[in-house]
Amino acid sequence: MKKLGNKLKRLIAACMAFAVVCVGGACSPSAALPEYEPAEFTVFGYWAPYEISEQSFKLYKDCGMNTLMMVNHAGERTSEEQFYLGSERTIKSLRTCRATGLAAMLNYNDWIAESVHKNHYSQTPFSQYDLYGEYKDIIRGVHICDEPKREHLEKYFLKELADDFRETYPNSTYFVNLHATYGTHATGYTTYDDYLAAYFEGVNECFESDKFVSVDFYPYRAAGEIQFDWLVCYDKIARAAKLNNARFGCYIQSSQGAEFRPVINRGEIFQQVNVALCYGVRTFGYYCYANPASGEQTMYDSCILGADGQPSEIYDYVKAANSWLDFVSDAFGAYEWTESFGVHGGNDEGGALDFISSEIPAGKKLTAASADGNMLVGCFNGERGEAYMLAGFTDPMYGEKTSATLTFEGCSQVAVYTVADGRNRAETVKTKNGKLAITLDSGGGAFVVPIK
């Protein structure tokens with residue numbers, strides 16, 4: 001299906017190559033879009049469907065998820081009810097993933113497994129419970145730990161454990177998800193920088209060829225405004241990931257109520273995705289897909305699935321965001337993140353953008369950027385040159401679009417990938433004296449590639 005999706009994207013791009021587009025008021029015929037090798041984001045819902053059935057998994061897949069993250073802790077502590085290495089629920093889910101075309105992320109979950117099967121934990125648990133040989137081609141990794149503290153890093157980054165994992169799952173990710181910056185008080189480290197340094201010391205010691213870091217920062221809290229340290233958190237992790245040659249993953253807030261805003265809209269889903277792209281994120285999890293529950297009491301008013309287990313409005317927002325990720329994946333996959341900066345708009349009253357650089361890095365084709373609203377810009381390099389990711393950073397609760405102008409030195413044409421009026425669009429346009437005018441939907445983004 002992925003190959004068919006990429007062929008379809010290239011067909012759409014080829015058809016649009018002959019369109020007439022208007023930039024900054026000047027219309028001119030576009031040239032052909034660049035061609036890229038197929039690439040793919042990893043996309044999953046954190047809090048798996050409760051029902052392990054083809055119907056339930058197809059609903060999950062139709063939302064744009066391509067990987068099942070085997071995480072939820074509801075029900076009795078039995079092999080049938082819990083995800084862990086060797087559980088009946090795990091093997092049943094793998095069978096259903098195979099039937100529905102989903103990849104899978106297993107769950108180590110030793111704290112549950114040890115309470116169900118005594119003596120489950122050992123220094124070689126992956127080979128001890130190596131039961132999934134016929135599914136190794138769809139297993140993308142094993143979820144090891146969520147929001148680790150000092151004692152967890154000391155427990156899960158041991159050479160014997162890492163060696164056992166690599167030997168058992170040589171093509172999979174050792175998935176650990178970090179506390180966000182606002183959780184530093186809980187990590188056991190004095191500063192967030194100390195926490196990141198300790199994490200990567202463990203990663204670099206144990207995993208030379210496949211390093212990964214993930215974080216769950218949820219920016220739209222019940223208090224109202226976007227959390228101040230959102231971009232600081234992403235900036236710190238993106239820089240650490242780049243320094244340590246690691247892939248960066250993050251979670252998208254897709255729940256409303258409780259500690260979050262009472263309502264989350266389409267722009268807030270898209271803004272989170274586009275901000276993550278501005279920092280080079282390649283792995284996306286949504287919190288939550290199914291609504292965590294204790295008995296009949298759910299944790300949130302609504303998630304991607306509502307309290308009744310049926311798709312909510314958020315399902316449609318996430319489906320559209322995942323369609324955008326699939327649409328831009330080939331182009332985005334050809335470049336690597338280098339740095340990000342903020343553009344302060346005319347209505348800027350202070351906030352998260354104040355805590356990151358507002359300077360355009362030197363030596364770039366991009367020489368100037370302005371906007372009537374706040375905007376984030378991610379800078380990328382690849383074998384084919386530079387690329388830039390834009391994200392509107394005015395709070396989507398206000399529903400405002402952002403009009404921006406980018407100036408490129410010595411560049412007469414750019415390729416632009418974006419979502420406009422609810423449709424994924426890709427086109428090449430001629431700049432006007434090096435200037436590109438673009439309008440982003442509320443929370444919207446664009447991937448811009450200078451061509452010549």
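Basis for what follows: all heavy atoms, side chains included, without hydrogens, waters or symmetry-related copies.
Here the shortest heavy-atom pairing between T67 and Y60 reads O-OH, 2.6 Å. Minimum heavy-atom separation, P49 to L68: CD-CD1, 3.7 Å. Between Y417 and L33, the shortest heavy-atom distance links the atoms OH-CD2, 4.0 Å. Between L353 and G342 the shortest heavy-atom distance is CD1-CA, 3.9 Å.
Residues passing the ring-ring contact (aromatic ring centres under 6.0 Å, His included) test with Y189 are Y195, sequence neighbours excluded. The salt bridge (Lys or Arg N to Asp or Glu O under 4.0 Å) test applied to K236 returns D193, not counting sequence neighbours. Taking D210 as the reference, R247 meet the salt bridge (Lys or Arg N to Asp or Glu O under 4.0 Å) condition, with sequence neighbours excluded. When the side-chain contact (heavy atoms from CB on, under 4.5 Å) test is applied to T439, the partners found at least two apart in sequence or on another chain are K401, S403. Residues satisfying the side-chain contact (heavy atoms from CB on, under 4.5 Å) criterion with S53, sequence neighbours excluded, are E51, Q55, S56. Not counting sequence neighbours, R266 has no partner by the salt bridge (Lys or Arg N to Asp or Glu O under 4.0 Å) test. Applying the side-chain contact (heavy atoms from CB on, under 4.5 Å) rule to A104 yields the partners M70, L94, C97; only residues at least two apart in sequence or on another chain are considered. Among residues two or more places apart in sequence or in another chain, the ring-ring contact (aromatic ring centres under 6.0 Å, His included) test is passed with H73 by W47, W111. Listed by chain and residue number, nothing satisfies the salt bridge (Lys or Arg N to Asp or Glu O under 4.0 Å) test with D146 (two or more places apart in sequence, or in another chain).
Ring pair F332/F447 is tilted by interplanar angle, where 30° to 60° counts as tilted. Classified by interplanar angle (parallel below 30°, tilted 30° to 60°, perpendicular above 60°), the ring pair Y251/Y46 is perpendicular. In this pair, F355 and F228 present their aromatic rings tilted. The plane angle is within the 30 to 60° band. In this pair, F157 and Y199 present their aromatic rings perpendicular. The plane angle is above 60°, beyond the 30 to 60° band.
Taking 4.5 Å as the limit, every side-chain heavy atom of L59 sits out of range of all side-chain heavy atoms of F57. The closest side-chain heavy-atom distance from I356 to F341 is not below 4.5 Å. A 4.5 Å side-chain heavy-atom check between Y174 and Y169 finds every atom pair outside the cut-off.
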Identify every side-chain donor-acceptor pair in residues 361-369 under 3.5 Å, counting partners at least two apart or on other chains, and give the distances.
{"unit_1": "T367", "atom_1": "OG1", "unit_2": "T407", "atom_2": "O", "d": "3.3"}

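With respect to the salt-bridge test (charged N to carboxylate O, under 4.0 angstrom), the residues D235 and R239 qualify. Salt bridge status for E40 with R140: present, with a side-chain N to carboxylate O gap under 4.0 Å.
Between F126 and F165, the gap from one ring centroid to the other is short of 6.0 Å. Checked against the 6.0 Å centroid threshold, W337 and Y234 do not count as a close aromatic pair.
Note on residues 163-178: pairs passing salt bridge (charged side-chain N to carboxylate O under 4.0 Å, His left out), not counting sequence neighbours, are K159-D163, D163-R166. Counting only residues at least two apart or on different chains, no salt bridge (charged side-chain N to carboxylate O under 4.0 Å, His left out) pair has a member in residues 313-325.
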Query raised in the report: Under the ring pair (Phe, Tyr, Trp, His ring centres under 6.0 Å) criterion, do F248 and Y279 qualify, and how do the steps go?
Result: CA-CA 8 Å; F248 183 10; Y279 285 100; 7.4 Å; no
Report task. Could you give me the CA-CA distance, side-chain angles and deciding distance for T181 and D229, then say whether side-chain hydrogen bond (donor to acceptor under 3.5 Å, both in side chains) is met? Result -> CA-CA 7 Å; T181 46; D229 55 345; 2.7 Å; yes
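For the side-chain contact (heavy atoms from CB on, under 4.5 Å) with F44, the qualifying choice from L102, N66, T283, V71 is T283, the only one to do so.
How far OG1 of T42 is from CZ of F175: 9.0 Å, rounded to the nearest 0.5 Å.
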